Amino acid sequence: MNNKRYLLTYLIFLLTGVFYFPLQAQQKNYTHRANFSGEWKSKEPISMGGNIFCAFIVGDRMNSKTMKIFDQADLLTIDIPSPSPDKALVRIQEKIVFDGKESEINYGPGIGKKFIVKLSADGQTITINSIAHQKQVIHYVKEVWKLSKEGKSITVHAIAKSNVWGEERSWKTVFDKAN
């Protein structure tokens, strides 16, 4: 009878270890997503570095030197200054959602863009693949956003190809934290 009790106790400890330790190992593998919140300023808008300005309308984030980003659980909301000097920040329609599904913005007849946003497995990099079109001009743009370790700058590495020019263009835009 005593042997059965020891055997039962041993089995309970063994099964506890079999289930407990793998669960603990899984819980430690979480990633901390970078927080892009804040007001950010650069010397030039993202679209200017690759000279693709004409594909984006004035109210698009690609044409702004300033972005105010609100970082939420699964998306970024971006405010940009109005192009008119007497207006305050305007909340643009574009929201950067980390779901990997296609989003679309129509700015008017024949003008708009489609984009897909993905967050890296480590939560530190955002990749935005977009197709911007203005009548017959089409630009394919890949942006890779990376927040610096100290959280004081966002580097946007962009690669673009267009039906207007043949070669691929690549450039970097750095946004520094203003607040």
Side-chain angles (χ1 to χ4, degrees), residues 27-108 111-134 139-161 169-179:
Q27 289 176 358
K28 291 180 183 175
N29 286 336
Y30 75 94
T31 56
H32 176 70
R33 187 171 70 79
N35 185 343
F36 288 84
S37 288
E39 187 169 342
W40 304 90
K41 295 182 185 269
S42 80
K43 293 179 183 171
E44 64 182 3
I46 297 169
S47 65
M48 288 302 289
N51 193 22
I52 59 170
F53 186 78
C54 63
F56 300 97
I57 67 162
V58 175
D60 193 288
R61 69 174 171 77
M62 292 290 284
N63 280 336
S64 182
K65 294 179 187 179
T66 302
M67 295 188 294
K68 191 167 187 180
I69 300 175
F70 301 94
D71 196 334
Q72 294 137 354
D74 59 349
L75 69 106
L76 300 179
T77 302
I78 301 173
D79 288 351
I80 62 167
S82 170
S84 173
D86 61 338
K87 292 187 180 176
L89 284 178
V90 179
R91 179 160 284 179
I92 63 171
Q93 299 297 311
E94 185 172 355
K95 291 183 186 266
I96 308 296
V97 182
F98 308 125
D99 61 2
K101 296 178 184 173
E102 185 176 82
S103 298
E104 185 172 3
I105 299 174
N106 288 311
Y107 295 115
I111 303 171
K113 71 177 171 180
K114 295 179 181 181
F115 58 95
I116 295 174
V117 181
K118 292 185 181 175
L119 185 64
S120 64
D122 68 359
Q124 304 301 303
T125 305
I126 298 170
T127 303
I128 305 169
N129 288 299
S130 59
I131 301 171
H133 57 88
Q134 190 171 39
H139 293 298
Y140 302 90
V141 182
K142 177 180 181 178
E143 301 167 67
V144 179
W145 292 32
K146 192 145 186 86
L147 185 66
S148 66
K149 288 185 181 185
E150 65 281 349
K152 295 186 180 194
S153 66
I154 298 173
T155 300
V156 180
H157 181 245
I159 301 169
K161 192 163 185 172
R169 296 179 180 180
S170 175
W171 67 96
K172 286 185 182 177
T173 306
V174 178
F175 286 85
D176 294 314
K177 196 158 197 174
N179 58 352

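Heavy-atom basis, side chains included; hydrogens, waters and symmetry copies ignored. Please read these numbers as outputs of a predicted model, since none were measured by experiment.
With sequence neighbours left out, the side chain to side chain contact (heavy atoms under 4.5 Å, CB included) criterion links K177 to W40, N179. Partners of T125 according to the side chain to side chain contact (heavy atoms under 4.5 Å, CB included) rule, which considers only residues two or more places apart in sequence or in another chain, are S120, T127, V144, K146. Scored by the salt bridge (Lys or Arg N to Asp or Glu O under 4.0 Å) test, K152 finds no partners at all (sequence neighbours excluded). Applying the side chain to side chain contact (heavy atoms under 4.5 Å, CB included) rule to V117 yields the partners I96, F98, F115, I126, I128; only residues at least two apart in sequence or on another chain are considered. Residues satisfying the side-chain hydrogen bond (donor to acceptor under 3.5 Å, both in side chains) test with D71, not counting sequence neighbours, are R33.
Rounding to the nearest 0.5 Å places CG of N129 at 9.5 Å from CD1 of I159. The distance from the CG atom of N106 to the NE2 atom of H133 is 6.0 Å, given to the nearest 0.5 Å. The line from CD of E143 to NE2 of H157 is 11.5 Å long, rounded to the nearest 0.5 Å. Here the straight-line distance linking atom OG of S47 with atom CZ of R61 works out to 10.0 Å at 0.5 Å rounding. In this structure, K149 NZ and Q124 CD are separated by 9.5 Å, a value rounded to the nearest 0.5 Å. Distance check: L147 CG to N35 CG gives 8.0 Å after rounding to the nearest 0.5 Å.
Side-chain contact check for D176 versus K41: every heavy-atom pair is 4.5 Å or farther apart. The shortest distance between side-chain heavy atoms of I69 and W145 falls below 4.5 Å.
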I154 and M67: CA distance, side-chain angles, deciding distance, side chain to side chain contact (heavy atoms under 4.5 Å, CB included) verdict: CA-CA 11 Å; I154 298 173; M67 295 188 294; 5.5 Å; no

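Formation of a donor-acceptor pair under 3.5 Å by the S148 side chain with backbone atoms of S153 is found in this model.
Applying the salt bridge (Lys or Arg N to Asp or Glu O under 4.0 Å) test to residues at least two apart or on different chains, the pairs with a partner in residues 112-121 are D60-K113, E94-K113.
Nearest heavy-atom pair across I116 and E102 is CG1-CA, 3.7 Å. Closest non-hydrogen pair, P45 versus T173, comes out as O-OG1, 4.1 Å. Here the closest non-hydrogen pair linking G112 and Y107 is CA-CD1, 3.8 Å.
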